[in-house]
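Naming convention: chains lettered A, B, ... in sequence-line order (proteins, then strands); numbering from 1 in each chain.
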2 protein chains.
Amino acid sequence: MGTKERRVREVAGREHLFLDAARDLIRQDGLLNLQMARIAEKCDYAVGTLYQHFASKEDLLVALSADNSQHRVDLFRRVGEWKAGTRDRMVGIAVADLMFVKLYPEHFRLAQLAFTEVVWKAASPERRRMALEAGEPLGQICDNIVEEAVRCGDLRLKGMTPQEVGLGPWALTIGTHTIVHVDGVLEQGDIGDPYRLMTRHLHYLLNGLDWQPLFDPSDEAALDRMIKGICTEVFNDIVCQ
Amino acid sequence: MGTKERRVREVAGREHLFLDAARDLIRQDGLLNLQMARIAEKCDYAVGTLYQHFASKEDLLVALSADNSQHRVDLFRRVGEWKAGTRDRMVGIAVADLMFVKLYPEHFRLAQLAFTEVVWKAASPERRRMALEAGEPLGQICDNIVEEAVRCGDLRLKGMTPQEVGLGPWALTIGTHTIVHVDGVLEQGDIGDPYRLMTRHLHYLLNGLDWQPLFDPSDEAALDRMIKGICTEVFNDIVCQ
DNA sequence: GGCGGATTTTGAACTAGATTCAAATTTTGA
DNA sequence: TCAAAATTTGAATCTAGTTCAAAATCCGCC
């Protein structure tokens, strides 16, 4: 017995095989040149087999994006479980993202494409559902931090829901990713490390929300100390900087 | 004489004809189903003629996005020239964007696609340059507001460049657009009008930056009054709400 | 007006690459 | 060992973007 299960495992394993191959090919030749036939070939399978797993190329792209975000969730979770003040943890989320970008530099370009109407709508409904589910914990973790902040008196909601409070930092982060990944946009300005700057703006936003304890991010040394501190405390085992 | 010029004008006109047709088709059948042959057909031209204007489909998409952003610039410019305090004008920029989304609901979906690596890199370099140029005034106008705020004492840069200050609100805005336009993401949360919320977060951010005069956005009535006020003062002639 | 070269337009033909599906192969259970 | 079921295969199909040689039009000149 169990041969049925073994088969299921084999098939699931192959799904990852395909996704990894796709990731490699993207790294190698760029998103632009990703071809279904090449993915199959690289794995020594026929294209038909690839299509047994993914209903279409778009389906595969969404799957790949969802798969990546598993790693993002892992980083977020560390921050969620970090024993620290709520404000530090909120900033920690941003640092986690910063970390994530460093570890998976191609992810946001892919995600940007995957969530594009053209790709998103062409993926299968199940795949879309899975991709949304894969991202859900991210919001969950943020919400938890906001809720705890309210409970322990670091923050007052002032008529917003926790989700609504979270949307501010969230939008700031997403927006920064978007700006960073569209090349040409940042070049025309006079801007240093955009992610460091994002952290700074996040602090301004949190100050504006009166999230205790207030922090002065114009103190560059203190800001750096804080980021570095989060890196060593939470992401100790991962290369930092 | 002048017949050469007339020809140039005709060709330029045709470019708009094509872009308008593309816009129509997108509105009608969705970005997903946009086909070059259809665009040409709709304008009673052969595909070859269409390709005389746009090097590729991607080229056309980027051109369309750039063309749209002309309208966005127009709205921003109004805010830039508005006789009001610098803080009100900064918020006005966000309201302008809010306005723009209402007037051109398809724009951000298109822009999201156009700035995607796959499309962006496949467009011609000139087109990319033009698209960046078309967007430049947006940043310019923001920078001006920041600079004026510094001059008149409403704001202190605290070691940032004006661009760096502007990047915060900018990222917040872009991020909100991105979140709003990926369907399925917002549904799972418990969030009201996301753009109204964005305005609120923008105020928190500006408060955090200590941009004078401070404003309490948790006073919902005052927030609404402010948004409404900007609409009537700056966008008087455009339908509001 | 009519002529000849230059320019523009045309759309059928070409192409790349995603997708399909009937045949071949492998697995399963008796 | 065998046949039905499930899986894999990859050549064939299909779709839509792109090209380019021929046709049409424009232009200056006689």
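Heavy atoms only, all atoms of each residue included: A/His201 and B/Leu167 are closest at NE2-C, 4.3 Å. When every heavy atom of B/Val73 is checked against every heavy atom of B/Pro137, the shortest pair comes out as CG1-CB, 3.8 Å.
Going from atom CZ of A/Phe54 over to atom P of C/dG17 covers 20 Å, rounded to whole Å. C/dT8 atom C1' lies 8 Å from atom CZ of B/Arg14, rounded to whole Å. If you measure from atom CD of A/Glu15 to atom P of D/dT8, you get 13 Å, rounded to the nearest angstrom. Distance, B/Glu58 CD to D/dG17 C1': 9 Å, rounded to whole Å. For the pair A/Asp44 CG and D/dT8 P, the interatomic distance rounds to 14 Å; values are reported in whole Å.
Comparing C/dA18, C/dT8, D/dG10 against the side chain of A/Lys57 picks out C/dA18 as the nearest. Proximity note for B/Ser56 (side chain, C-beta onward) versus D/dT8, D/dT9, D/dT18: the nearest is D/dT18. Among the nucleotides C/dT19, D/dT9, D/dT19, the one closest to any side-chain atom of B/Val47 is D/dT19. Counting only heavy atoms from C-beta on, A/Gln52 has its side chain closest to D/dT7 among D/dT7, C/dT19, C/dT8. Among the nucleotides C/dT9, D/dT18, C/dA18, the one closest to any side-chain atom of A/Tyr51 is C/dA18.
Side chain to side chain, B/Asn33 and B/Arg38 fail the donor-acceptor criterion of an N or O pair below 3.5 Å.
Between A/Tyr195 and A/His177, the angle of the ring planes lies from 30° to 60°, which puts this pair in the tilted group. Note: A/His107 and A/Phe100 have perpendicular aromatic rings, judged against thresholds of 30 and 60 degrees for the angle between ring planes.
Residues B/Gln35 and B/Asp29 are not in side-chain contact: their nearest non-hydrogen atoms beyond the backbone lie 4.5 Å or more apart.
Between the A/Arg127 side chain and the A/Leu60 main chain, no donor and acceptor come within less than 3.5 Å of each other.
Pairing for D/dA22 is with C/dT9, a Watson-Crick or G-U wobble pair whose two hydrogen-bonding atom distances lie under 3.5 Å.
DNA chain C lies under 4.0 Å from at least one heavy atom of each of the following residues of residues 19-41 of chain A: A/Leu34, A/Gln35, A/Met36.
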